[in-house]
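Structure record follows, encoded as structure tokens.
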Amino acid sequence: MMNSKGFFFFKFDSRDGLEAVLEGGPWLIRKSPIILKKWSMDTRLLKEELTRIPIWVKLNDVPIQVFEEDGISLIATFIGKPVMLDSYTSSICNDSWGRSSFARCLIEVNSEADLVDVVTIGIPSLSEDDFTKETIRVEYEWRPPRCDTCKIFGHVHDYCPKKVVSPPIVATSNVVTPNAEKTNDGFQTDQQASASRYISIGTRCSNISTQQ
């Protein structure tokens, strides 16, 4: 059953079945993890901030010298916290038989750290006091959305509820409003424009009076 807020509810026939599901996780649906918690009458249905999420990861080109549970677990620590290997990878490590171009393991990643795409390790040389560098490509079957602002999983920076939105800047221009006044004849005139006309008229009147 699911409610309007996106919470799923599962009913078990026994307490043993409930405990087995809670302890047997993490569980994933279409490669995305589902967070399970025991419900009670006091449970508040609030979505918590996710800072740790288990993700299935493929480690490509793992050297044969370290293709074992301890070696793969050591490589996984550069990405996050190792949780488990898948059944096929685990059988190759235990039986020392099989063929695989990658090791698949479940790793718990932290939202405080960026997801790495490559891991470089050193393989000790048996004949000399030296080592060789090996680069392991990391492939994530699912990349959780991560916010760079609040450092949690579940959303990206553009949709962060803690993002500070700057108020819009309104640009204004200096517009001079002409002052109009009424003349004796009832018409409105512009003071600035009328001033120039008064000067020209006064000059013409002066010339006329001189000719007389």
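Atoms considered below: every heavy atom in the structure, side chains included; atoms not considered: hydrogens, waters and symmetry mates.
Applying the side chain to side chain contact (heavy atoms under 4.5 Å, CB included) test to F8 and every residue at least two apart in sequence or in another chain returns M2, F10. Among residues two or more places apart in sequence or in another chain, the side chain to side chain donor-acceptor pair (under 3.5 Å) test is passed with N60 by none. With sequence neighbours left out, the side chain to side chain contact (heavy atoms under 4.5 Å, CB included) criterion links I152 to E49, T51, C150, H155. Taking the side chain to side chain contact (heavy atoms under 4.5 Å, CB included) definition, one finds that L74 meets it with T77, sequence neighbours left out. Considering only residues two or more places apart in sequence or on other chains, T120 meets the side chain to side chain donor-acceptor pair (under 3.5 Å) condition with none of them. Legend: residues meeting side chain to side chain contact (heavy atoms under 4.5 Å, CB included) with S14, ordered by chain and number and at least two apart, are D16.
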Under the side-chain contact (heavy atoms from CB on, under 4.5 Å) rule, what do L85 and C93 come out as? Steps first, then yes or no, please.
CA-CA 10 Å; L85 301 177; C93 295; 4.3 Å; yes
Please determine whether side-chain contact (heavy atoms from CB on, under 4.5 Å) holds for the pair V118 and I136, giving the CA-CA distance in whole Å, both sets of side-chain angles, and the decisive distance to 0.1 Å.
CA-CA 6 Å; V118 295; I136 300 170; over 6 Å; no
Pair L59, I79 - check side-chain contact (heavy atoms from CB on, under 4.5 Å), show working.
CA-CA 11 Å; L59 303 176; I79 305 171; 3.7 Å; yes
What verdict does the side-chain contact (heavy atoms from CB on, under 4.5 Å) test give for I72 and F67, after you've listed the backbone C-alpha separation in whole Å, the side-chain angles of each residue and the deciding distance to 0.1 Å?
CA-CA 6 Å; I72 297 174; F67 206 109; 4.2 Å; yes
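Shown here for G122 and F131, the closest heavy-atom pair between the two residues is CA-CD1, 3.9 Å.
In this structure, Y140 contributes its side chain and V116 its backbone to a donor-acceptor pair below 3.5 Å. The backbone N or O of Y88 sits less than 3.5 Å from a side-chain atom of S91, completing a donor-acceptor pair.
Annotation: side chain to side chain donor-acceptor pair (under 3.5 Å) contacts involving residues 110-119, sequence neighbours excluded, comprise D114-R146, D117-R143. Sequence neighbours left out, the pairs with a member in residues 61-71 that pass salt bridge (charged side-chain N to carboxylate O under 4.0 Å, His left out) are D61-R137.
Put simply, the side chain of D130 does not reach to within 4.5 Å of the side chain of P124, judged on heavy atoms. Proximity of L50 to R52: side-chain heavy atoms (C-beta onward) are nowhere separated by under 4.5 Å. Counting only heavy atoms from C-beta outward, the side chains of I92 and W97 never approach each other to under 4.5 Å. Side-chain contact check for M84 versus W56: some heavy-atom pair is nearer than 4.5 Å.
Counting non-hydrogen atoms of other residues, nucleotides and ligands closer than 6.0 Å to NZ of K151 gives a total above 12.
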Tell me which donor-acceptor pairs under 3.5 Å the side chains of residues 101-108 have, and how far apart each pair is, sequence neighbours excluded?
from	atom 1	to	atom 2	distance (Å)
R104	NE	E141	OE2	2.6
R104	NH2	E141	OE1	3.3

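The OG atom of S87 sits 11.0 Å away from the CG atom of N94 when rounded to the nearest 0.5 Å.
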